Amino acid sequence: MVNVLGIESSCDETGVALVRFERDEPPRLVTHALHSQVDMHRDFGGVVPELASRDHIRRLIPLTRDVLGRAQCTLGDVDIVSFTRGPGLAGALLVGAGMACALATALGRPAIGVHHLEGHLLSPFLADDPPAFPFVALLVSGGHTQLMRVSDVGRYELLGETVDDAAGEAFDKSAMTLGLGYPGGPALALLAEEGDPKAFALPRPLLRGNGLDFSFAGLKTAVWLQRRRLGDAADRQTLADLAASTQAAIVDVLIGKAERALEFTGIQRLVVAGGVGANVSLRQRLDAMVSKRQARVHYPGLDLCTDNGAMIALAAAMRWQRGLAPAQGSGLAFDVRPRWALADAGLS
Ligand code: KG4
Ligand code: ZN
């Protein structure tokens with residue numbers, strides 16, 4: 001039995017988890033704990049990196065104690081320490097990397113630095129209905145929107161990505177325009193439930209082209225212009241209509257590109273991961289799209305869609321099982337990679 005501790009601190013959530021596996025058996029989640037900094041950053045309308053780093057320092061040790069306590073383990077039972085090495089906020093990453101590498105050194109165990117997006121795209125392997133390789137992954141988070149062909153752990157080929165804003169950013173910035181605060185994705189989705197998705201004609205950027213790249217900056221501007229045109233007199237129903245129309249435009253683009261990626265690769269399995277993957281409208285439309293194509297779609301559980309430590313421990317465990325996980329650095333040295341392409345985090 002191998003116990004993997006996972007530490008996530010790349011942005012505004014502190015996540016710690018314990019994942020366990022036996023030899024070649026699929027790893028399973030023992031328990032995980034999360035602290036979201038959303039309340040702390042709300043007043044600033046976005047993540048303040050320095051505050052994020054300081055809060056990760058405050059939270060990591062209590063969360064680790066909590067996880068080990070609930071798993072009825074002690075630090076001595078931890079066999080591998082994993083952490084998010086990048087991409088993300090440099091200071092925030094350093095907190096998790098520093099703690100993980102110190103812990104690993106003190107325990108005489110290996111430390112494994114994981115790519116954050118690898119964590120997201122492997123996260124459905126902790127669900128009841130895990131995918132098989134190969135699959136197409138649609139990664140939709142606050143910072144990334146990518147389509148990847150995933151042939152195996154560590155074999156990632158980029159098919160397309162956003163040329164400007166990420167899908168989560170389009171949700172968040174449109175929500176800000178609608179006065180819904182930060183982070184706006186879930187709030188916009190909630191308001192959209194009361195609105196008419198056809199009320200406003202908004203652009204579906206790059207949807208008609210043949211490529212697999214995305215662009216959301218123009219849509220964000222169109223929402224802003226609409227909101228300005230409506231002026232102060234706009235009532236709640238009108239704003240709900242604009243929210244619903246915005247969500248429909250984002251979802252239309254994601255569905256269209258995901259379908260094209262399935263067509264292009266000839267693969268019948270789609271994995272959807274990252275915070276925007278929690279969006280109910282997106283899930284309903286994806287379910288309909290794959291069933292029309294007699295394909296399958298796999299999601300992580302709703303609690304593992306947004307950032308968490310479980311996906312980091314899982315990715316480390318899957319790498320370790322395949323002999324793909326070199327220990328981090330040599331001696332007492334460690335580093336983080338705030339900018340890091342997933343394709344570069346492949347086989348090593
Ligand atoms: O993966 P994630 O937790 O963090 C990053 O790695 O970026 O994704 C966060 C993003 C935010 O933009 C948030 O607004 C969005 O996911 N999000 C949603 C929903 N839940 C989270 N967007 C739309 N609908 C949701 N239900
Ligand atoms: Zn993320």
Side-chain angles (χ1 to χ4, degrees), residues 6-15 17 32 34-38 41-42 45-47 49 52 83-89 92-93 96 114-124 137-146 161-162 165-178 180-193 195 197 214 216 219-220 223 243-244 246-255 271-286 299-312 314-315 338-340 342:
I7 293 176
E8 154 65 32
S9 70
S10 65
C11 189
D12 59 351
E13 331 262 356
T14 321
H32 79 115
L34 199 66
H35 175 78
S36 169
Q37 303 178 350
V38 159
H41 297 297
R42 186 169 282 127
V47 179
F83 63 97
T84 306
R85 189 177 174 205
L89 302 169
L93 290 167
V114 171
H115 194 291
H116 182 83
L117 295 181
E118 181 173 47
H120 274 306
L121 74 80
L122 295 178
S123 59
L138 173 66
L139 287 171
V140 274
S141 70
H144 294 86
T145 303
Q146 298 187 333
E161 65 181 333
T162 183
D165 289 357
E169 241 174 312
F171 268 104
D172 292 341
K173 289 178 177 168
S174 303
M176 193 68 85
T177 299
L178 291 171
L180 299 174
Y182 160 87
L188 190 143
L190 202 64
L191 183 59
E193 282 176 21
F214 304 83
F216 290 106
L219 172 62
K220 169 192 69 183
V223 174
T246 305
Q247 176 172 269
I250 299 170
V251 169
D252 273 357
V253 173
L254 295 176
I255 299 285
V271 158
V272 181
V276 180
N279 186 273
V280 174
S281 166
L282 176 65
R283 286 190 174 213
Q284 287 170 346
R285 297 273 312 277
L286 281 167
Y299 310 99
L302 270 181
D303 60 331
L304 298 185
C305 268
T306 46
D307 293 348
N308 62 83
M311 66 184 196
I312 301 304
L314 171 75
R339 297 174 70 84
W340 190 11
L342 181 54

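In this chain, numbering begins with 1 at the start of the sequence shown. Predicted model only: the values in this text are computed from it and were never measured. Whatever order the structure lists ligands and atoms in, that order sets their numbers, starting from 1.
Comparing Leu117, Asn279, Leu188, Thr84 by heavy-atom distance to atom 25 (C) of ligand 1, the nearest is Asn279.
The distance from ligand 1 to the heavy atoms of Gly168 drops below 4.0 Å at these ligand atoms: 12 (O). With ligand atoms numbered from 1 in the order given, ligand 1 contributes 14 (O), 18 (C), 22 (N), 23 (C), 24 (N) to contacts under 4.0 Å with heavy atoms of Gly185. Those atoms of ligand 1 that come under 4.0 Å of a heavy atom in Thr306, given as number and element, are 3 (O). Each of the following atoms of ligand 1 lies closer than 4.0 Å to a heavy atom of Gly142: 5 (C), 7 (O), 8 (O), 9 (C), 10 (C), 12 (O). Atoms of ligand 1 lying under 4.0 Å from any heavy atom of His120, numbered from 1 in the order shown and given with element: 1 (O), 6 (O).
Among protein heavy atoms, the minimum distance from atom 2 (P) of ligand 1 is reached at Asp307 OD1, 3.5 Å. Atom 13 (C) of ligand 1 has its closest protein heavy atom at Asp172 OD1, 3.7 Å.
Put simply, His144 stays out of reach of the Zn ion (ligand 2), with no N, O or S atom under 2.8 Å from it. Residue contact annotation: Cys11 places no N/O/S atom under 2.8 Å from the Zn ion (ligand 2).
Residue contacts with ligand 1 leave out Gln247, since none of its heavy atoms falls under 4.0 Å from the ligand. Close to ligand 1: Gly143, with a non-hydrogen atom less than 4.0 angstrom away. The closest approach between a heavy atom of His116 and any atom of ligand 1 is below 4.0 Å.
Between Glu169 and Asp172, the closest side-chain pair of non-hydrogen atoms is not below 4.5 Å.
For the side chain to side chain contact (heavy atoms under 4.5 Å, CB included) with Val251, the lone residue among Leu286, Val276, Thr246, Asn279 that qualifies is Asn279.
The aromatic rings of His116 and His120 sit perpendicular to each other, their planes meeting at more than 60°, with 30° as the lower class boundary.
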